[in-house]
Amino acid sequence: MNRFLFYLCTFFVLTSCGTDEETNDNQPVETSSEIIGIETLFNEKEFPDPVHLELLKELKICNTAQKDTSNYLDPACSPSFFKFFQLNENVPVKNAFILQIKSKVGGIKLRRLIVFMREKGDLVKVNGFVANLIGLRPTSSGHYDLILRFNDNVEGDIIFYNTIFKWDGKKYVYDCTETIEGTDQSGPWRQRIKEEFKDSVSKDIYATLVKNQMII
């Protein structure tokens, strides 16, 4: 960890600030012509597409009889707990999708993101992350690049790694870490990794994610 703190002090350039710890975890990246910023609040009353409920039933990860949306251990099949995103802009969501699961659901403290594809008629898990989806970037293949925010605890301080995962034809693979966010005595901060150090720092952060079992 001391080596990583050395990177923080030596290789990063301060670029902008957030507001607070909770907001940083949900705050999307800035929307541009290349990136679609995402903020998931889990405040919808109904799923925007009826197929979302059918997919949850098929996955059997929620209780269709449950009506209490304050029960996180036995979650209802509700948009209060689950959010769907299209995996490929050319493929119907019923056959390929990204599922964001709210923190505390099933007793898991942090948000999870799971990628599913249909193979031979069945939904198959392709990727899993203990992370928050904060952005999508369209690509020529139709599969979006994912911009994922991971949490880490560095000597009692919560740190957020904003990372990019790219589709390799079968699954999402880690590409790099773009920025790191956190809060110290002076308030929230956001730092962008210098290009000349991006490869080495990204490798260290990937090792941290694997060690912390954030890629599942």
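Of all heavy-atom pairs between Asn90 and Gly142, the closest is ND2-CA, 4.0 Å. Leu73 and Asn71 make their closest contact through N-OD1, 3.2 Å (heavy atoms, listed as atom of the first residue, atom of the second, distance). Minimum interatomic distance between Phe82 and Ala76 (heavy atoms only, all atoms of both residues): CE1-O, 3.4 Å. The two atoms that bring Ile193 and Thr177 nearest to each other are CD1-O, 3.3 Å, heavy atoms only.
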### Task
Would you check, one step at a time, whether the test side chain to side chain contact (heavy atoms under 4.5 Å, CB included) holds for Lys166 with Asp145?
CA-CA 5 Å; Lys166 296 185 175 182; Asp145 290 344; 3.5 Å; yes
### Query
Which is it for Tyr206 and Thr163 under the side chain to side chain contact (heavy atoms under 4.5 Å, CB included) test, yes or no, and what are the steps along the way?
CA-CA 9 Å; Tyr206 179 71; Thr163 65; over 6 Å; no
### Task
Evaluate the side chain to side chain contact (heavy atoms under 4.5 Å, CB included) criterion for residues Cys62 and Phe81: first the C-alpha distance (whole Å), next the side-chain angles of each, then the deciding distance (0.1 Å), finally the verdict.
CA-CA 9 Å; Cys62 53; Phe81 297 129; over 6 Å; no
### Task
Could you check Arg111 against Thr40 for side chain to side chain contact (heavy atoms under 4.5 Å, CB included), going step by step and ending with a plain yes or no?
CA-CA 11 Å; Arg111 291 189 178 194; Thr40 301; 3.7 Å; yes
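Cluster membership check: Leu146 shares its hydrophobic cluster with Tyr174, using side-chain heavy-atom separations under 4.5 Å among Ile, Leu, Val, Met, Phe, Trp and Tyr. In terms of hydrophobic clustering, with Ile, Leu, Val, Met, Phe, Trp and Tyr side chains grouped at heavy-atom distances under 4.5 Å, Val93 and Leu113 are assigned to different clusters. Linking ILVMFWY side-chain heavy atoms closer than 4.5 Å, directly or via other members, places Leu59 and Val91 in two distinct hydrophobic clusters. Linking ILVMFWY side-chain heavy atoms closer than 4.5 Å, directly or via other members, places Leu133 and Ile205 in a single hydrophobic cluster. Criterion: ILVMFWY side-chain heavy atoms under 4.5 Å apart, direct or through other members. Under it, Val51 and Phe47 are part of a common hydrophobic cluster.
Taking the side-chain hydrogen bond (donor to acceptor under 3.5 Å, both in side chains) definition, one finds that Thr139 meets it with Ser141, sequence neighbours left out. Take Tyr172 and apply the ring pair (Phe, Tyr, Trp, His ring centres under 6.0 Å) test, not counting sequence neighbours, and it matches Trp167. With sequence neighbours excluded, the residues satisfying side-chain hydrogen bond (donor to acceptor under 3.5 Å, both in side chains) with Asn95 are Arg118.
Between Ile216 and Lys125 there is a side-chain heavy-atom pair separated by less than 4.5 Å. Between Ile61 and Leu56, some side-chain heavy-atom pair lies under the 4.5 Å cut-off. Counting only heavy atoms from C-beta outward, the side chains of Gln100 and Ile38 never approach each other to under 4.5 Å. Using a 4.5 Å heavy-atom threshold, the side chains of Thr208 and Tyr161 count as touching. Lys171 has its side chain out of reach of Val115: every pair of non-hydrogen atoms, C-beta onward, lies at least 4.5 Å apart. Looking at heavy atoms from C-beta onward, Val126 lies out of side-chain contact with Leu87 at the 4.5 angstrom threshold. Using a 4.5 Å heavy-atom cutoff, the side chains of Ile101 and Ile108 are not in contact. Within the 4.5 Å cutoff, no side-chain heavy atoms of Met214 are placed close to those of Asp152.
Rounding to the nearest 0.5 angstrom, the gap separating the CG atom in Asn162 from the SG atom in Cys176 is 11.0 Å. With rounding to the nearest 0.5 angstrom, the CD atom of Gln191 is 9.5 Å from the OG1 atom of Thr179. Expressed to the nearest 0.5 Å, how far CG of Asn153 lies from CG of Asn151 amounts to 9.5 Å. Note: Tyr72 OH to Ser103 OG = 6.5 Å, rounded to the nearest 0.5 Å. Taken from CD1 in Ile147 to CZ in Phe165, the straight-line distance is 12.0 Å, to the nearest 0.5 Å. In this structure, CG on Asn127 lies 13.0 Å from NZ on Lys170, to the nearest 0.5 angstrom.
Here the side chain of Ser202 pairs no donor or acceptor atom with the backbone of Asp199 at under 3.5 angstrom.
Residue pairs satisfying the ring-ring contact (aromatic ring centres under 6.0 Å, His included) criterion with at least one member in residues 87-112, sequence neighbours excluded, are listed as follows: Phe84-Phe97, Phe97-Phe116. Sorted by first and then second residue, the side chain to side chain donor-acceptor pair (under 3.5 Å) pairs involving residues 43-57 (not counting sequence neighbours) are Glu44-Lys83. Residues in residues 61-70 take part in these side chain to side chain donor-acceptor pair (under 3.5 Å) pairs, two or more places apart or across chains: Asn63-Asp74, Gln66-Asp74, Asp68-Ser70.
Shown here is Glu196, whose CD atom has more than 12 heavy atoms of other residues, nucleotides or ligands within 6.0 Å.
Ring-centre distance between Phe85 and Tyr144: not below the 6.0 Å cut-off.
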